[in-house]
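Written below as structure tokens is the structure these notes are about.
None of the values given here were measured: they were computed from a predicted structure. Lettering of chains follows the sequences in order, A, B, ..., and the numbering in each one begins at 1.
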Amino acid sequence: MYALVDGNNFYVSCERVFRPSLTDRPVVVLSNNDGCAIARSNEAKALGIKMGAPWFQIRHLEDDARLVALSANFELYGDMSDRMMSLAAGLGHQQEIYSIDESFVDVSGIRGDLVHRAHQIRSRIQQWVGIPCCIGMGNTKTLAKLANHIAKDAERKPGSYPAHLAQVCNLESLSQKDKDALFALTPVEEVWGIGRQISKQLHAGGVHTIHDLLQLDPATIKRGWSVMLERTVRELRGIPCVDLEDSGQARQQIACTRSFGKAVTDYRDLEEAVTTFASRAAEKLRHQHSLCGQVLVFIRTSPFGKTAQYSRSMVVPLRRPTDDTAHLVQAALLGLQSIFKDGYDYAKAGVMLMELQSDQVQQMELRLEDEPDRDRSRLMLALDTVNTRYGKGTMKLGSAGATQRPQNWTMKQMRRTPRYTTDAQEMVLVRA
DNA sequence: TCTGGGGTCCTAGGACCC
DNA sequence: TCTGGGGTCCTAGGACCC
């Protein structure tokens with residue numbers, strides 16, 4: 001039995017905690033470069049703003065509808081997330097943090113009224129952190145996600161679902177008849193794991209609601225679609241197929257990619273950007289105690305532009321698995337060198353670290369001319385310690401750019417709010 | 001003028017192995 | 001006329017998630 005705790009309009013809700021004047025107003029949070037809307041308040045959704053809508057297309061709503069747009073402040077959201085997660089964990093024995101605003105909690109064997117308990121956790125999160133959230137519960141993770149969707153819609157769109165399911169919805173406390181009614185009300189595209197393509201195919205086959213989907217037998221689904229969809233349908237029937245994952249598990253891939261604030265044409269600028277991305281990725285790598293076996297670097301022009309298009313990537317294998325910033329940057333720059341072509345307006349670049357493995361495992365090798373340098377790991381530790389204490393980028397590689405040189409590739413963030421909870425210089429001031 | 005970033009898993013096809 | 005069977009690994013691409 002699982003619960004899914006999910007913050008409502010999470011990024012917007014984080015901003016509202018520190019700016020109550022944003023309450024009841026349409027608010028969106030913009031992606032990096034203030035490119036498109038990645039979070040919307042209910043009022044913004046009501047204006048018809050779609051997820052991912054480009055800012056230049058909706059910007060007229062600033063005047064027309066008092067829309068407020070903010071640049072993404074991920075440092076703030078990450079910190080608010082930590083606070084919310086630690087309270088959500090109190091719901092059961094084990095928690096999987098699934099994304100910045102969602103966590104699954106195993107509530108099997110918890111005694112007492114689960115719905116009551118969930119309401120308590122919910123109001124605690126609201127009061128202590130300031131984030132409104134909804135909680136869905138079901139026998140499988142897919143059902144918990146579905147219950148969460150119902151809890152949200154019941155609250156946001158009165159009449160869509162029975163009102164008593166708003167905010168907290170436990171599917172397992174309902175009768176089969178009531179569950180069937182909810183299944184008949186819910187379109188297949190609301191199910192976790194059913195996206196645009198598959199729902200289009202399902203609709204074409206006359207399958208519109210979860211109720212319709214459950215009429216098909218798993219074998220047919222596997223034959224007609226995939227094992228993934230089969231698994232989803234089994235989960236909807238209450239048969240657990242997806243376990244709670246250990247949140248401490250290391251990622252299999254680490255990426256750092258960015259769009260530039262304006263077109264980049266100069267190789268030097270790309271070199272700075274790629275160095276910075278590889279360094280950032282290396283920090284994340286060391287943070288999860290992994291080593292990397294190969295580095296991918298890519299550059300590309302804007303797919304939306306009318307200028308000449310160019311997009312290339314290259315995988316650079318490493319001499320031996322490493323977490324050393326200098327080695328990873330070196331590999332990334334080697335790749336950059338061979339894919340760079342003069343004369344294009346570059347819009348984006350990125351570095352991905354692949355073939356990750358634990359840093360506790362060491363492949364022994366014959367003595368070779370360049371033996372790994374034991375002091376390097378102490379250097380990396382010093383680098384991370386300095387940058388944690390004095391701020392990102394305090395100490396960096398020379399190719400990341402000298403401070404005197406203007407940075408031509410950094411992203412645009414015209415509307416960022418203060419880092420209220422993580423930077424002493426930006427704390428909220430209260431006047432008595 | 002202006003369109004994000006970071007992940008996971010599955011599948012099909014080709015190369016190669018015995 | 002007739003041309004095996006079973007397996008692994010790698011890659012590219014697609015679909016999905018938030």
Q. Touch check for Lys145(A), heavy atoms < 4.0 angstrom, all strands: base, sugar-phosphate only, or nothing?
A. sugar-phosphate
Quick one: label Lys348(A) by what it contacts on the DNA or RNA (base, sugar-phosphate, nothing), any heavy atom closer than 4.0 Å.
sugar-phosphate
Exercise. Answer with base, sugar-phosphate or nothing: what part of the nucleic acid does Leu30(A) contact at a heavy-atom distance below 4.0 Å?
Key: nothing
Walking DNA chain B from its 5' end, the first of Asn32(A) and Arg231(A) to be reached, judged by nearest nucleotide, is Asn32(A)
Which pairs would a plain distance check flag for residues 250-260 of chain A, meaning a side-chain donor or acceptor within less than 3.5 Å of a matching protein atom at least two apart in sequence or in another chain?
none

Hits for salt bridge (Lys or Arg N to Asp or Glu O under 4.0 Å) against Asp359(A), two or more places apart or cross-chain, chain-then-number order -> none
Numerically ordered, the residues 74-104 of chain A set in heavy-atom contact under 4.0 Å with DNA chain C is Tyr98(A), Ser99(A), Asp101(A), Glu102(A)
Of Cys256(A) and Asp34(A), the one whose nearest nucleotide on DNA chain B sits closer to the 5' end is Asp34(A)
Per-residue pairing states of DNA chain C in dot-bracket (Watson-Crick or G-U under 3.5 Å; . unpaired, | other strand) read ....||||||||||||||
ask   = Contact class for Arg258(A) (heavy atom, under 4.0 Å): base, sugar-phosphate, or nothing?
value = sugar-phosphate
Is it true that Tyr2(A) and Trp192(A) have ring centroids separated by less than 6.0 Å?
no
query: Expressed in whole Å, how much space separates the P atoms belonging to dT3(B) and dC18(C)?
result: 25 Å
By salt bridge (Lys or Arg N to Asp or Glu O under 4.0 Å), Asp180(A) pairs with (sequence neighbours left out) none
Between Arg156(A) and Glu43(A), is the closest basic N to carboxylate O distance under 4.0 Å? no
Problem - Donor-acceptor side-chain pairing of Gln360(A) and Ser358(A) below 3.5 angstrom - result: no
With sequence neighbours left out, the residues meeting salt bridge (Lys or Arg N to Asp or Glu O under 4.0 Å) with Arg66(A) are none
- Query: Does a side-chain N-to-carboxylate-O contact under 4.0 Å join Glu155(A) and Lys152(A)?
  - Reply: no
Those residues at least two apart in sequence (or on a different chain) that pass side-chain hydrogen bond (donor to acceptor under 3.5 Å, both in side chains) with His208(A) are His203(A)
Sorted by number, residues from residues 191-227 of chain A placing a heavy atom under 4.0 Å from DNA chain C are Val191(A), Trp192(A), Gly193(A), Ile194(A), Gly195(A), Arg196(A), Gln197(A), Ile198(A)
side-chain hydrogen bond (donor to acceptor under 3.5 Å, both in side chains) filter on Asp79(A), not counting sequence neighbours, yields Arg83(A), Thr421(A)
Applied to residues 289-308 of chain A, the ring pair (Phe, Tyr, Trp, His ring centres under 6.0 Å) test, sequence neighbours excluded, yields none
Item to complete: Taking atom types as modelled, find out whether Glu272(A) and Ser399(A) have a side-chain donor-acceptor pair closer than 3.5 angstrom.
Response: no
At a 4.0 Å cut-off to heavy atoms of chain A, the contacted part of DNA chain C spans dA15(C) to dC18(C)
Taken in chain and number order and not counting sequence neighbours, the residues that satisfy side-chain hydrogen bond (donor to acceptor under 3.5 Å, both in side chains) with Thr220(A) are Asp217(A)
